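Since this is a predicted model, take the numbers as computed values, not measurements.
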Amino acid sequence: MVQGMTGTELAKLIKSAKVPGEDYLIVDVRDEDWRGGNIKNSRNYPSQRFTLDVDDLIKRTKDIPVMIFHCQLSQERGPKAARMYEGTCRALHDTSPTVYVLQGGFVQFGESYKDDPELVENWREVIW
């Protein structure tokens, strides 16, 4: 079951000794709205292509125990991608990672942590 993760919890995870891409992975499913900043070490899998790319993402992340998904606000695209990823993992790939959705999405996370280079990169104030 997909769970929620707060920005504070994600910031603590990123700043912990856990290794991105090994212990956890942040998946950003924003499309054109991806420009203007992103969470450090996240991977962009645009929602417009997510259905086509979900199997590839699962193959690339099958050994990563924690997956965190988000979009701009994490109200539609992020939760939908998280549910699709989790369901496909269980049904077709016999894996069961822990799947989260970042509450408040990049808008809230970026506003809170835009000045922390350990958490946010490529921030462009003009876009926000």
Side-chain angles (χ1 to χ4, degrees):
M1 181 173 169
V2 175
Q3 304 170 54
M5 178 179 281
T6 67
T8 302
E9 291 169 329
L10 181 57
K12 286 179 184 175
L13 176 63
I14 293 170
K15 290 187 172 201
S16 74
K18 303 243 182 221
V19 179
E22 290 181 22
D23 298 313
Y24 70 93
L25 182 68
I26 303 163
V27 180
D28 183 337
V29 297
R30 292 179 294 158
D31 300 296
E32 293 298 318
D33 50 339
W34 186 73
R35 296 183 195 137
N38 58 279
I39 298 173
K40 187 149 185 169
N41 295 314
S42 64
R43 292 196 193 150
N44 183 238
Y45 276 81
S47 68
Q48 293 172 341
R49 294 190 38 87
F50 195 80
T51 302
L52 300 172
D53 294 337
V54 68
D55 283 319
D56 179 63
L57 176 61
I58 292 168
K59 287 175 188 168
R60 292 174 184 262
T61 61
K62 63 181 170 48
D63 296 324
I64 299 174
V66 175
M67 299 291 291
I68 304 110
F69 288 80
H70 77 88
C71 58
Q72 194 78 340
L73 299 171
S74 289
Q75 293 178 350
E76 292 184 31
R77 295 174 293 176
K80 181 179 177 181
R83 287 190 306 270
M84 184 183 303
Y85 178 88
E86 182 182 54
T88 304
C89 280
R90 293 177 196 273
L92 301 177
H93 295 276
D94 198 31
T95 61
S96 299
T98 303
V99 180
Y100 294 93
V101 172
L102 175 61
Q103 296 171 351
F106 185 73
V107 167
Q108 189 173 4
F109 192 86
E111 276 300 317
S112 297
Y113 299 107
K114 65 184 177 187
D115 296 322
D116 188 333
E118 290 183 79
L119 300 174
V120 174
E121 59 188 3
N122 305 314
W123 182 264
R124 293 190 202 151
E125 191 70 42
V126 69
I127 291 176
W128 300 101

Atom pair CD/CG of Gln72 and Asp28 - distance to nearest 0.5 Å: 8.5 Å

Determine, stepwise, if the pair Lys40 / Leu119 fulfils side chain to side chain contact (heavy atoms under 4.5 Å, CB included). CA-CA 5 Å; Lys40 187 149 185 169; Leu119 300 174; 5.8 Å; no

Which atom pair, heavy atoms only, marks the closest approach of Glu111 to Lys114? OE1-NZ, 3.9 Å

Would you mind reporting whether Tyr24 and Thr61 have side-chain heavy atoms less than 4.5 Å apart? no

Classify the ring geometry between Phe50 and Tyr45 as parallel (under 30°), tilted (30 to 60°) or perpendicular (over 60°). perpendicular

In this structure, are over 12 heavy atoms from other groups packed under 6.0 Å from Arg60 atom CZ? no

Can you confirm whether Glu76 is buried at CD, in the sense that more than 12 heavy atoms of other residues, nucleotides or ligands lie under 6.0 Å from that atom? no

Mind checking whether Ile39 and Ile68 have side chains closer than 4.5 Å, heavy atoms only? no

Is there a side chain to side chain contact (heavy atoms under 4.5 Å, CB included) between Tyr100 and Thr98 once you walk through the steps? CA-CA 7 Å; Tyr100 294 93; Thr98 303; 3.4 Å; yes

Is there side-chain contact between Ile58 and Thr88, with at least one heavy-atom pair below 4.5 Å? yes

Taking every non-hydrogen atom, the tightest pair across Ser74 and Val101: CB-CG1, 3.7 Å

Can you check whether Ser96 reaches Arg90 side chain to side chain, under 4.5 Å on heavy atoms? yes

How many angstroms lie between CD in Glu22 and CG in Asp63, if you round to the nearest 0.5 Å? 10.0 Å

Beyond-backbone contact of Ser47 with Cys71, side-chain heavy atoms, under 4.5 angstrom: no

Quick one: do Met67 and Met84 end up in the same hydrophobic cluster if we chain Ile, Leu, Val, Met, Phe, Trp and Tyr together by side-chain heavy atoms under 4.5 Å apart? yes

So which atom in Phe109 and which in Gly7 form the shortest heavy-atom distance, rounded to 0.1 Å? CE1-O, 3.5 Å

May I ask you to test the Leu102-Ile26 pair for a side-chain heavy-atom distance under 4.5 Å? no

Using modelled atom types only, decide if a donor and an acceptor are shared between the side chain of Asp33 and the backbone of Asp31 within a distance under 3.5 Å. yes

For Arg77 and Arg30, what are the C-alpha separation, side-chain angles and deciding distance, and is it a side chain to side chain contact (heavy atoms under 4.5 Å, CB included)? CA-CA 8 Å; Arg77 295 174 293 176; Arg30 292 179 294 158; 4.1 Å; yes

Identify the two heavy atoms, one from Gly21 and one from Arg43, that lie closest to each other, and give their separation to 0.1 Å. CA-NH2, 4.4 Å

Is the number of heavy atoms from other residues, nucleotides or ligands within 6.0 Å of NZ (Lys80) greater than 12? no

Taking side chain as C-beta onward, heavy atoms only, is His70 less than 4.5 Å from Leu10? no

NZ of Lys59 to OG1 of Thr95, rounded to nearest 0.5 Å, is 12.0 Å

Answer whether the closest heavy-atom distance between the side chains of Lys18 and Leu13 falls below 4.5 Å. yes

Rounded to the nearest 0.5 Å, the CD atom of Gln108 sits from the CD atom of Gln103 at a distance of 8.0 Å

Show the nearest heavy-atom pair for residues Phe106 and Gly37, with the distance to one decimal. CZ-C, 3.5 Å

Restricting to non-hydrogen atoms, name the atom on Asn41 and the atom on Leu25 that form the minimum distance, rounded to 0.1 Å. O-CD1, 4.3 Å

Should Val2 and Val66 be regarded as members of a common hydrophobic cluster, given that ILVMFWY residues are connected when their side-chain heavy atoms come within less than 4.5 Å of each other, either directly or indirectly? no

Transitive ILVMFWY cluster of Met1, excluding itself - 4.5 Å side-chain cut-off: none

With the 4.5 Å side-chain cut-off for hydrophobic clustering, are Phe69 and Met5 part of the same group? no

